[in-house]
Amino acid sequence: MIAITEDRRMLGYGSLGAYPDIIHFVTTRRGGCSEGAYASFNCSPFSGDREEHVRSNQDSLCESLLQRPLELVIPHQVHGVRCLVVDETYLQAAPAQKQEWLEGTDALLTAEPGYCLCISTADCVPVLLYDKRLQAIAAVHAGWRGTVEGIVERTMQCMRTVFGTKGEDVIACIGPGISLQAFEVGGEVYEAFLRKGYDMAQIACWNEETEKHHLDLWEANRRQLLDFGVPAAQIETAGICTYTNQEQFFSARRLGIHSGRILSGIMIIRK
C-alpha cells in the first residue's frame, strides 16, 4: 500500500492513486486521540468509543485529505447485503432520515462529488470500487456473512443497474483484513460457502494440527469481482492481515468487539 500522509497514519492503493478525480484512504491505528482498545485513530461512531474522540479523529482525517468532504457517509453495518445509493434523495433528506437509511447498510455507492463513502472494519474485508468511465464509486463491507451472500457481486449489480457500470471499467481494491492463515472457521461456516457454490479448493484449506478449516476472504471476494468481469489486472489486494498486524491495524479478534475500527473511504472530487 502507498502512504496518503507523510506519517503513514493513512494509507492508500497505487491503482486508485493513479486517478486524480478521486480521493481515497485507509486509516491505521496511529495519529489519533482515542484511548485503550480504541487507541488511537478510531474514526468509527459505532464501536463504543467516546463521541468527542471520534469527532476529533474524523476532523483530523478530513483535514488531511486534498479536499475536505462535504460529508463522511458512514453506515451502521450489520454483516448483511443491503446497498444504499447516496443520491439526490439521500442528500436532501433530514439527518434523522439519513441515519435511518444508513442503519443496517453494508455497501454504499454514489456518483455525487464531495461525499466520502466509508466502511468500518477490524478483520472483515473493506472493498473500494471505482468506475473510471462513468465516475461512480462504491465502498463495501465484506465479512464472512456478507461474502458468502455475495455482497461485492450485489454491489456491482447495483452499480450496473443505477449507473450502467461494466466490469471492464472498474478498479477494485481489497483492503486489510484477516488472512487465510489467521482466519480459522467452524464447519458451519465452511458448509455455508460450499452450499453457495464456492470453489472451496481455491478459497479454503484444512489445518491438520488444529483440525479446523481456514477461509480466504480476500480470494472469495476477488472471485466475485472476476465473475462480474473486472479484469484481474484491475484488482489490487493489500495482502495485509489485520490479525497479525494488530499494532498497526485494529483487529476485533485481538482487541475484542469494543475496540477501534479501520475506516476505508473513497470520494469523487468536486470540480
Side-chain angles (χ1 to χ4, degrees), residues 1 13-16 26 77-83 106-107 119 121-130 138-160 165-246 248-254 262 264:
M1 299 186 76
Y13 305 97
S15 54
L16 287 178
V26 176
Q77 303 154 190
V78 293
H79 297 275
V81 292
R82 183 184 172 197
C83 303
D106 282 81
I119 289 297
T121 58
D123 291 333
C124 292
V125 177
V127 182
L128 300 182
L129 306 171
Y130 173 51
V140 187
H141 166 242
W144 80 259
R145 290 178 178 84
T147 300
V148 76
E149 295 297 334
I151 188 167
V152 167
E153 180 183 1
R154 288 173 185 245
T155 304
M156 296 286 290
Q157 289 172 347
C158 189
M159 291 181 73
R160 178 168 59 193
T165 292
K166 298 179 181 178
E168 64 195 49
D169 298 316
V170 172
I171 305 298
C173 294
I174 299 170
I178 195 165
S179 64
L180 167 70
Q181 292 75 18
F183 192 30
E184 182 181 281
V185 300
E188 72 284 357
V189 175
Y190 181 92
E191 291 296 328
F193 279 84
L194 184 63
R195 287 195 301 271
K196 287 292 183 177
Y198 283 86
D199 185 344
M200 302 310 292
Q202 299 297 321
I203 69 164
C205 68
W206 176 256
N207 188 321
E208 292 287 351
E209 292 183 4
T210 62
E211 296 188 340
K212 292 284 187 178
H213 292 286
H214 286 240
L215 194 66
D216 190 342
L217 291 179
W218 302 340
E219 182 62 16
N221 285 288
R222 192 181 77 91
R223 288 180 173 270
Q224 290 181 40
L225 292 164
L226 292 172
D227 289 345
F228 192 83
V230 180
Q234 292 172 201
I235 303 173
E236 180 177 349
T237 302
I240 296 173
C241 178
T242 47
Y243 183 79
T244 56
N245 290 277
Q246 74 276 12
Q248 184 177 14
F249 297 96
F250 290 109
S251 168
R253 284 200 170 197
R254 289 281 196 185
I262 302 161
S264 298

Using atom types as modelled, flag every donor-acceptor pair under 3.5 Å from a side chain in residues 122-129 to any protein atom, sequence neighbours excluded.
{"unit_1": "D123", "atom_1": "OD1", "unit_2": "T242", "atom_2": "OG1", "d": "2.7"}
{"unit_1": "D123", "atom_1": "OD1", "unit_2": "S251", "atom_2": "OG", "d": "3.0"}
{"unit_1": "D123", "atom_1": "OD2", "unit_2": "S251", "atom_2": "OG", "d": "3.0"}
{"unit_1": "D123", "atom_1": "OD2", "unit_2": "A252", "atom_2": "N", "d": "3.1"}
{"unit_1": "D123", "atom_1": "OD2", "unit_2": "R253", "atom_2": "N", "d": "2.9"}

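- Under the salt bridge (charged side-chain N to carboxylate O under 4.0 Å, His left out) criterion, E219 pairs with R222, R223, not counting sequence neighbours.
- Here salt bridge (Lys or Arg N to Asp or Glu O under 4.0 Å) pairs that include residues 194-206, with residues two or more places apart or in two chains, are E149-K196.
- Judged as a ring pair (Phe, Tyr, Trp, His ring centres under 6.0 Å), the pairs with a partner in residues 201-228 (not counting sequence neighbours) are, in order, Y190-H213, W206-H213.
- Taking T155 as the reference, nothing meets the side chain to side chain donor-acceptor pair (under 3.5 Å) condition, with sequence neighbours excluded.
- Checked against side-chain contact (heavy atoms from CB on, under 4.5 Å), C173 has the following partners two or more places apart in sequence or in another chain: Y13, S15, L16, E236.
- The side chain to side chain donor-acceptor pair (under 3.5 Å) check on D216 picks up nothing, with sequence neighbours excluded.
- Across all non-hydrogen atoms, the minimal contact from F250 to I262 is CD1-N, 3.8 Å.
- Side-chain N or O atoms of Q224 include one that pairs as donor or acceptor with a backbone N or O of E153 at under 3.5 Å.
- Residues meeting the ring pair (Phe, Tyr, Trp, His ring centres under 6.0 Å) test with F249, sequence neighbours left out: none.
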Note to self: M200 vs L215, test: side-chain contact (heavy atoms from CB on, under 4.5 Å). Steps then yes/no.
What the structure shows: CA-CA 9 Å; M200 302 310 292; L215 194 66; 4.2 Å; yes
Distance-only check: which donor-acceptor pairs under 3.5 Å involve side-chain atoms of residues 174-187, not counting sequence neighbours?
{"unit_1": "S179", "atom_1": "OG", "unit_2": "A182", "atom_2": "N", "d": "3.4"}

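- In this structure T165 satisfies the side chain to side chain donor-acceptor pair (under 3.5 Å) test together with D131, sequence neighbours excluded.
- With sequence neighbours excluded, no residue satisfies side chain to side chain donor-acceptor pair (under 3.5 Å) with Y243.
- Among residues at least two apart or in separate chains, salt bridge (Lys or Arg N to Asp or Glu O under 4.0 Å) pairs with a member in residues 165-176 are R133-D169.
- Using modelled atom types, no side-chain atom of N207 and backbone atom of K212 make a donor-acceptor pair closer than 3.5 Å.
- Here the side chain of N245 pairs no donor or acceptor atom with the backbone of Q248 at under 3.5 angstrom.
- Listed for the D106 side chain is no donor-acceptor partner under 3.5 Å among the backbone atoms of A142.
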